[in-house]
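Quick notes on the structure that follows.
Keep in mind that the numbers below use all heavy atoms, side chains included, and drop hydrogens, waters and symmetry copies. Because the structure is predicted, anything quoted here is derived from the model rather than measured. Proteins come first, then strands; the chains are lettered A, B, ... in the order of their sequence lines, and each starts at number 1.
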There are 2 protein chains.
Amino acid sequence: MIFTASRYTFTVSPMRESAAARPYHHGDLSRALIDAARRLLEAEGPSALSLRAVAREAGVSPAAPYHHFKDKGELLEAVADQGWDMLNQALGEARRSADNVRDKLAALGVAYVCFARDHPSLYRVMYDGSRDKEDMPAHVKLDHDSAYCQVRDTLVEAGADPADEISLELATTAAWCAAHGLAEMAAFKQFDPLKTALGSEEAFFRGVFEHMKIFAGDSDS
Amino acid sequence: MIFTASRYTFTVSPMRESAAARPYHHGDLSRALIDAARRLLEAEGPSALSLRAVAREAGVSPAAPYHHFKDKGELLEAVADQGWDMLNQALGEARRSADNVRDKLAALGVAYVCFARDHPSLYRVMYDGSRDKEDMPAHVKLDHDSAYCQVRDTLVEAGADPADEISLELATTAAWCAAHGLAEMAAFKQFDPLKTALGSEEAFFRGVFEHMKIFAGDSDS
DNA sequence: TTTGTTATTTTAACAATGCTAAGATAGCTT
DNA sequence: AAGCTATCTTAGCATTGTTAAAATAACAAA
């Protein structure tokens, strides 16, 4: 679907549900902006993601986005939200497709790192917004099927005592930190020999996770 | 020590050893620039760290830095290098002051996260440069007493088999990822209740590390 | 329909940034 | 003293985020 208005030409992605009644002049521009940002992000990486470039990609003037997002940051937040939705979904699938309970948590971890590997720019945006604030990324702790809650629930399924809240929170945080740490490291090419030695990248991820007990020593706390 | 040349006034940090024979006009400008960058970083955070601001802080013209660093990135690399030196030193101290072998690795981990907590902007710079390249941050794997090597050596001291190189690399990577992940998360205020419940921030760090065995299940590999 | 209100978009402008090319300056070498 | 070269400044360019003001188009009421 292609609109032409004044001298700007731009495309509008097909409307989803009735997400929001179609606004005034040009269809759903805020969604078009988010899509344009995602397109730019995949094509050129995070450094190319300027507000003006997004507007250009969407076919509107440099100031147009400011009527839909107060800030460049607010647009990036919207992009990040989509990323979190995708990640939550990927974790859900990994969780369902794991054979036995014992492997479920490792499967979650591998799925997490694979997501970061497959969408590196998006993953960056998902965290960059939160680094300045002192809040966790959106939807990480709040939603029912948020990534965080999925990890916590999986821990309970695997035998963690849901009554010991502190221990459960610590374990969930530990899993989260481990996955995030590996996600940020995994692309370093210093790991290439290890990956080939182990046969695949996923095997490398799994191998790292298998060693995650190191900090605990051998005793059980 | 204060120089005044043309209309720019700037300070030069006291010379260290004979790091490099004192250059031409204004003393050791490249060091002065790095110091200025560090000062700005601590005072205003990473977003305020523009090359022009650094030049301003150092009392030179906006183009002066380009005779000492080919890029903004190259200056940031130099700043990051100092950060890695500091971190390596902090890890070394933590390693020496740990009572028994068993606690050494946890002490290293806590020291790592404390460094990131105490120098958040510097820590950001230390990794930001490496995210674009696909290389690990400078000096992480190369130097003798690099942070990476210290972790690996500590693992060997704690009983890891130095002959099984793959397992040792995996374990070192696991420890590194865990520490980095926690370092990036630790500032989120969602953890405040946990920190107070456990008495201190360090206790929280230790608590997370103690749960790091989760990915391994209970069996030993 | 006409009129008015309001939401959306454009144009134009500002300050700031990274960086480069040209000239000035000062130290070193001969 | 003359020349060379490294260092620094001045000016300038393209780009960025953001704002203010003007234009445009949808809608609601008369």
- In 5'-to-3' order, the base (B), backbone-only (S) or no-contact (-) status of each nucleotide in nucleotides 12-18 of chain C, using a 4.0 angstrom heavy-atom cut-off, is -B---BB
- L29(A) atom CG is separated from dA7(C) atom P, nearest whole Å, by 16 Å
- Message: Restricting to ring-ring contact (aromatic ring centres under 6.0 Å, His included), what partner residues turn up for F69(B), sequence neighbours left out?
- Response: none
- Query: For the pair made of CG in L76(A) and C1' in dG17(D), what is the distance, rounded to whole Å?
  - Reply: 12 Å
- For A187(A), the side chain to side chain contact (heavy atoms under 4.5 Å, CB included) test, sequence neighbours excluded, returns none
- Message: Could you work out, with side-chain hydrogen bond (donor to acceptor under 3.5 Å, both in side chains) as the rule, every residue matching H119(A), not counting sequence neighbours?
- Response: none
- Task: Can you tell me the distance, in whole Å, between the CZ atom of F69(A) and the C1' atom of dT19(D)?
- Result: 18 Å
- Item | Partners passing side-chain hydrogen bond (donor to acceptor under 3.5 Å, both in side chains) against R38(A) (at least two apart in sequence or in another chain) | Q82(A)
- What is the distance from NE2 of H67(B) to C1' of dT10(D), rounded to the nearest Å? 12 Å
- Round to the nearest Å and state the distance from L33(A) atom CG to dT8(C) atom C1'. 12 Å
- Item | Sequence-distant partners of Y66(B), side-chain hydrogen bond (donor to acceptor under 3.5 Å, both in side chains), two or more places apart | none
- For this output row, return yes or no: ring centroids of F209(A) and F205(A) closer than 6.0 angstrom. no
- For L75(A) and dT16(D), give me the distance from atom CG to atom C1', rounded to whole Å. 15 Å
